[in-house]
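Heads up, the thing below is written out as structure tokens.
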Amino acid sequence: MDLNSPEFYTIAFVVAMALVALLMGHREKGPASTHIVQLATTAAENDGSDDDSVQLRHVGGGKVLISREGLMLSPEETINLVFTIRDAECSILEKKGVKRRGAVGEPVKGEVTVKFLRPMKYHIRYESQVTSRWATFTYDASSPDVEQVTLNY
């Protein structure tokens, strides 16, 4: 086979691409786990601000306190948080539980403590179906630092 022939360069290119694919590899992801928790809501002061935010804080003992502000709910409505965790990827979906038609919403804030987040760094996507806003951020579940994120997309 001649070193200047198109066949040689075609074979060399295919071998090079196979080596690149082998080196990059495909890492299998672990199984996903899903957790559903209900947000405990209380009345909030209506100060006129449109602060749609979520706060995560490590409280010790493997627990993380999640606080939520900027929600408008009518009486007897609930909010559920659906966590889907796969390795370091965490998706939190905020959904209304019980819905009441025609009721006027009141400002509320909510809190929940979860104990299924391992002490590691997570890439989190928080999406609210209640307010149609979302945010992505990184949170270290072992750090005592408070992570305050505004939902604004």
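In what follows, residues are counted from 1 in the order of the sequence shown.
Side chains of Gln38 and Val112 form no contact here, defined as non-hydrogen atoms less than 4.5 Å apart. Counting heavy atoms from C-beta outward, Ile79 and Val108 have side chains that stay 4.5 Å or more apart. No side-chain heavy atom of Tyr139 sits under 4.5 Å from any side-chain heavy atom of Val149. Thr41 places none of its side-chain heavy atoms less than 4.5 Å from the side chain of Thr78. Annotation: side chain of Ser67 is in contact with side chain of Glu111 (closest heavy-atom distance under 4.5 Å).
Placement of Phe137 and Val64 within a single hydrophobic cluster is found when ILVMFWY residues are connected by side-chain heavy-atom separations under 4.5 Å, directly or transitively. Following chains of ILVMFWY side-chain contacts shorter than 4.5 Å, one cannot reach Val82 starting from Ile92, and the two form parts of different hydrophobic clusters. Hydrophobic clustering (side-chain heavy atoms under 4.5 Å, transitive across Ile, Leu, Val, Met, Phe, Trp, Tyr) keeps Leu93 apart from Phe83. Side-chain heavy atoms closer than 4.5 Å link hydrophobic residues (I, L, V, M, F, W, Y) into clusters, and following such links, possibly through other members, connects Leu19 to Ile11. Grouping the Ile, Leu, Val, Met, Phe, Trp and Tyr side chains by contacts below 4.5 angstrom, directly or via other members, places Ile66 with Met120.
Between Ile85 and Tyr122, the shortest heavy-atom contact is CG2-CE2, 4.0 Å. Taking all atoms of both residues into account, the shortest heavy-atom contact from Tyr126 to Glu94 is OH-OE1, 2.6 Å.
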### Query
Between Asp140 and Asp145, is a side-chain contact (heavy atoms from CB on, under 4.5 Å) present by the stated rule, with each step listed?
CA-CA 8 Å; Asp140 188 355; Asp145 297 337; over 6 Å; no
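The distance from the NZ atom of Lys63 to the CG atom of Leu117 is 13.0 Å, given to the nearest 0.5 Å. Here the CD-CD1 distance, from Glu89 to Ile124, works out to 10.0 Å after rounding to the nearest 0.5 Å. Atom CG of residue Leu56 and atom OG of residue Ser143 lie 11.5 Å apart, to the nearest 0.5 angstrom. Distance check: Glu147 CD to Arg57 CZ gives 13.0 Å after rounding to the nearest 0.5 Å. From Lys96, atom NZ reaches atom OG of Ser74 across 6.0 Å, with rounding to the nearest 0.5 Å. For the atom pair Asp52 CG and Leu71 CG, the distance stands at 6.5 Å (nearest 0.5 Å).
A donor-acceptor contact shorter than 3.5 Å is absent between the side chain of Asn80 and the backbone of Lys95.
When only modelled atom types and interatomic distance are considered, Thr150 and Asn152 share no side-chain donor-acceptor pair under 3.5 Å.
Exactly one residue among Gln148, Arg68, Glu69, Arg133 makes a side chain to side chain donor-acceptor pair (under 3.5 Å) with Ser53. That residue is Gln148.
A parallel orientation is assigned to the rings of Phe116 and His35, their planes being inclined by less than 30° (bins at 30° and 60°).
Sorted by first and then second residue, the pairs that involve residues 119-129 and meet salt bridge (Lys or Arg N to Asp or Glu O under 4.0 Å), not counting sequence neighbours, are Arg125-Glu127.
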